[in-house]
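Every chain is numbered from 1, with letters handed out A, B, ... down the list of sequences.
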Amino acid sequence: MKSSLDTLLKATFDDCVEQGLLAETPLPDYVIEVPNNPEHGHFATNLPLTLASVQRRPPLEIASVIVEHIENNDNLLENAEVAAPGFINFTIRREAWHRVLSRVVAQGNAYGRSDLGRGQKVLVEFVSANPTGPLHLGHGRGAALGDTLCRILSFCGYDVIREFYINDAGQQIRLLGESIFSRFMQKHRQDYPFPENGYRGDYIWDLAEKISGEIDLAQMPHEKAIELCAERGKGIMLEEIREDLTRFGVSFDVWFSESELFRKGLLDEALKKIEDKGQLYEKDNALWIKTSGFGDDKDRVIRKKDGHFTYFASDISYHLEKWKRGFDKAVNIWGADHHGYVPRMKAALSAYGLPERWLSVILIQLVKLWKGGQEIKMSKRAGDFVTLQELVEEVGVDAVRFVFLTKNHDSTLDFDIDLVKKRDSENPVYYVQYAHARICSIFRKAASQGITLPGRSDTGLDRLVLDEEMALIRIMAEFPSLLEDISRSLEPHRLTYYLTELAAAFHRYFNLGTKTPEYRIVSPDKALSQARLILAQGVRTVIGTGLGLLGISAPEKM
RNA sequence: GCGCCUGUAGCUCAGCCGGAUAGAGCAGCGGACUUCUAAUCCGCAGGUCCGGGGUUCGAAUCCCUGCAGGCGCGCCA
């Protein structure tokens with residue numbers, strides 16, 4: 001709807017230029033938006049205001065010229081009027097809104113799909129938790145956000161690959177092995193030393209139990225036993241992570257292992273290429289990369305004095321590997337505690353010669369958990385934290401996912417378990433789901449009276465005239481452009497707000513009928529009932545699609 | 001000290017590319033169920049958009065600055 005209006009506006013401008021009524025200037029940045037105040041029509045544009053300076057004429061004058069010459073060929077406009085200080089307010093004809101509704105219902109589950117991405121290949125890397133412990137709340141937030149973003153990008157025509165990067169080549173896996181082995185030994189010798197920075201969570205005891213049941217750890221050299229504990233521990237943790245994510249409705253296309261970078265010689269290959277570009281040098285017996293030339297504070301070490309490569313080195317080669325696989329765009333979802341790492345990563349990629357905007361990093365602020373009015377502090381190292389799995393078991397996948405997406409990723413999130421567990425109005429996920437279930441219930445009621453959805457989605461829509469009915473259609477009309485905005489801004493939380501708004505408009509509409517029978521959807525007037533069923537079907541479709549993109553179920557009964 | 005993020009109603013937060021009278025939920029107060037699902041709706045009340053400058057026809061939004069809070073500043077991963 002907005003884009004048809006834009007097309008009309010541009011054509012009108014060109015006409016006015018051709019007729020010499022306006023000077024021939026390039027079109028400035030202007031907006032077409034839905035005004036807050038209903039008196040300002042369905043849409044408003046500031047085009048005359050933005051044109052004023054280049055045209056060297058008062059905005060009101062420009063607005064009048066445009067309004068007088070606007071051609072209403074396809075019966076879109078009811079009215080276009082000039083408003084101070086230089087807006088044009090548009091009112092759309094009711095029939096045009098009816099056509100939108102008809103299209104929503106005709107397209108069904110495909111409504112909102114677009115070709116915005118034109119098949120561009122996008123790699124979204126998210127969660128990427130170290131396989132040294134269970135997923136916690138922060139991972140859950142990243143999982144919910146990444147998964148929904150992927151679903152939306154796919155829906156908008158991008159070719160999306162979801163990837164989980166496994167940090168399994170570094171020191172922390174060794175530490176995992178030492179922690180497990182130590183717990184194993186402590187079962188017989190309580191004073192057996194525990195590694196200083198070891199993982200202290202209870203799950204380490206479970207791992208020790210499980211692994212010692214599979215392998216006779218006592219009958220081999222400690223070094224060997226630690227290696228096996230590390231290897232097996234990593235495998236078990238990874239499996240658990242995968243299961244947790246599956247239960248959370250999140251799947252990945254690729255599980256990319258850091259150790260694979262070494263095994264396949266990808267690290268050496270990447271470093272050689274960077275060296276060829278003259279971006280590496282030796283100093284103090286270490287190997288450095290010149291990131292400072294690309295916006296980083298200082299150069300960074302790639303290979304340490306002791307001959308080991310840094311984590312940064314493998315991360316660079318990992319990202320170059322992504323590039324090599326031919327992605328047009330890469331998106332990383334990281335915890336905000338890694339924000340200092342972003343400039344150096346981007347600098348390294350620039351040093352190699354990748355385009356500045358190829359990589360987008362979404363930083364997620366931390367999640368604070370509240371229960372019984374108190375904050376529950378979490379620390380992975382101390383083994384004191386709430387896992388994603390525990391949370392999901394307590395409050396359910398739908399509620400957890402929804403709450404994780406009710407806030408912008410760059411603000412910290414307070415997750416109040418007591419509040420989310422409540423199955424009432426305090427919890428917005430039920431509010432949206434309830435609207436869906438309600439519509440399903442209406443369809444059941446209608447069917448029981450022999451009234452069903454007409455075969456053609458444009459049947460009798462001229463019966464829809466109530467403000468509340470038109471409001472619903474207007475909200476539905478915004479859905480496609482909302483998804484495109486989300487694809488561009490990478491801000492999926494906006495979808496939860498949109499769905500809440502749509503659900504609210506529906507609940508309001510529904511409640512008209514509780515007071516006044518003639519406003520009910522199912523009524524003795526069959527033609528009217530059918531038109532309203534089409535409207536309800538549109539709402540059900542959009543809510544269903546929206547919830548699907550959020551990875552949340554759309555129940556038929558509640 | 002430097003960098004990133006945040007600061008909007010009592011609380012938790014939206015506010016899209018700078019638009020016209022700043023929104024929602026919860027909490028508070030008052031109403032609506034022999035009904036198409038009350039997990040709902042309607043009304044009332046609630047604001048120095050952290051402070052101060054600036055840009056603009058127009059600023060919660062952009063720029064500068066101050067204050068407050070969070071996070072990060074390793075040849076760790």
Using Watson-Crick or G-U wobble geometry with both distances under 3.5 Å, which nucleotide pairs with [N]?
N      : value
C26(B) : G10(B)
G47(B) : none
C36(B) : none
U61(B) : none
C41(B) : G31(B)
G1(B)  : C73(B)
U21(B) : none

Establish, yes or no, whether a centroid distance under 6.0 Å links the rings of [X] and [Y].
X         : Y         : answer
Trp255(A) : Tyr165(A) : no
Phe256(A) : Phe164(A) : no
Tyr341(A) : Phe312(A) : yes
His507(A) : Tyr434(A) : yes

Could you check whether [X] gets within reach of a base, just the sugar-phosphate, or nothing at all, counting any heavy atom under 4.0 Å?
X         : value
Glu468(A) : nothing
Arg520(A) : base
Ala52(A)  : nothing
Asp410(A) : sugar-phosphate

For [X] and [N], is the shortest distance between a side-chain N/O and OP1 or OP2 below 4.0 Å?
X         : N      : result
Tyr431(A) : C41(B) : yes
Arg300(A) : G74(B) : no
Lys283(A) : C75(B) : no
Arg438(A) : C36(B) : no

May I have the distance from [X] (atom [atom1]) to [N] (atom [atom2]), rounded to whole angstrom?
X         : N      : atom1 : atom2 : result
Phe262(A) : A77(B) : CZ    : P     : 10 Å
Tyr199(A) : A77(B) : OH    : P     : 12 Å
Tyr434(A) : C36(B) : OH    : P     : 13 Å
Leu280(A) : C75(B) : CG    : P     : 16 Å
Gln537(A) : C36(B) : CD    : P     : 21 Å
Tyr311(A) : G74(B) : OH    : P     : 16 Å
Phe506(A) : A39(B) : CZ    : P     : 15 Å
Tyr341(A) : C75(B) : OH    : P     : 12 Å

Nearest-nucleotide check on RNA chain B, Ala503(A) vs Ile521(A); residue mapping nearer the 5' end is Ile521(A)
5' precedence on RNA chain B between Lys557(A) and Ala504(A) (nearest-nucleotide basis):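 That would be Lys557(A).
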As a test of reading the structure: which of [options] is closest to the side chain of [X], going by heavy atoms?
X         : options                : result
His507(A) : U21(B), U6(B), C41(B)  : C41(B)
Ala44(A)  : C75(B), A20(B), C4(B)  : A20(B)
Ile442(A) : C4(B), C75(B), U37(B)  : U37(B)
Lys515(A) : A32(B), U21(B), C75(B) : A32(B)
Ala83(A)  : A20(B), U40(B), C75(B) : A20(B)
Phe510(A) : C57(B), C36(B), C75(B) : C36(B)
Leu366(A) : U40(B), G70(B), A77(B) : G70(B)
Leu49(A)  : C57(B), U40(B), C36(B) : C57(B)

Report yes if a donor N or O on one partner sits less than 3.5 Å from an acceptor N or O on the other, where the partners are the side chain of [X] and the base of [N]; otherwise report no.
X         : N      : result
Asp337(A) : G72(B) : no
Asp315(A) : A77(B) : no
Asn36(A)  : U21(B) : no
His338(A) : G72(B) : no

Please give the distance between the [atom1] atoms of [N] and [M] as a whole number of Å.
N      : M      : atom1 : result
G70(B) : A77(B) : P     : 28 Å
C5(B)  : A9(B)  : C1'   : 23 Å
C49(B) : G18(B) : C1'   : 15 Å
C63(B) : G7(B)  : P     : 14 Å
C64(B) : U55(B) : P     : 15 Å
A22(B) : G51(B) : P     : 16 Å
G72(B) : G28(B) : P     : 37 Å
C62(B) : C76(B) : P     : 39 Å

In sequence, state the C-alpha distance, the side-chain angles, and the governing distance for Glu227(A) and Arg174(A), and then conclude on salt bridge (Lys or Arg N to Asp or Glu O under 4.0 Å). CA-CA 7 Å; Glu227(A) 265 175 45; Arg174(A) 163 83 193 179; 5.5 Å; no
Check ion pair [X]-[Y] (N to O, under 4.0 angstrom):
X         : Y         : value
Arg474(A) : Glu469(A) : no
Asp525(A) : Arg463(A) : yes
Arg300(A) : Asp296(A) : yes
Asp168(A) : Lys234(A) : yes

For the residue pair Tyr509(A) and Phe506(A), does the interplanar ring angle fall in the parallel (under 30°), tilted (30 to 60°) or perpendicular (over 60°) class? perpendicular
Taking the inter-plane angle between the rings of Tyr497(A) and His493(A) on a 0 to 90° scale, is it parallel (under 30°), tilted (30 to 60°) or perpendicular (over 60°)? perpendicular
So, do His40(A) and A20(B) meet the stacking rule of ring centres under 5.5 Å and planes under 30°? yes
Ring stacking, Phe87(A) with base of A20(B), under 5.5 Å and under 30°?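 Aromatic stack with A20(B) present for Phe87(A).
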Chi-based syn or anti call at C17(B), which uses purine or pyrimidine torsion atoms and a 90° bound: syn
Is the positively charged end of Arg438(A) above the ring of Phe510(A), judged by distance under 6.0 angstrom from the centroid and angle within 45° of the axis?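 Here Arg438(A) passes the 6.0 Å and 45° test against Phe510(A).
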Contact pattern, 5' to 3', of nucleotides 8-14 of chain B - B, S or - by protein heavy atom under 4.0 Å: ----SSS
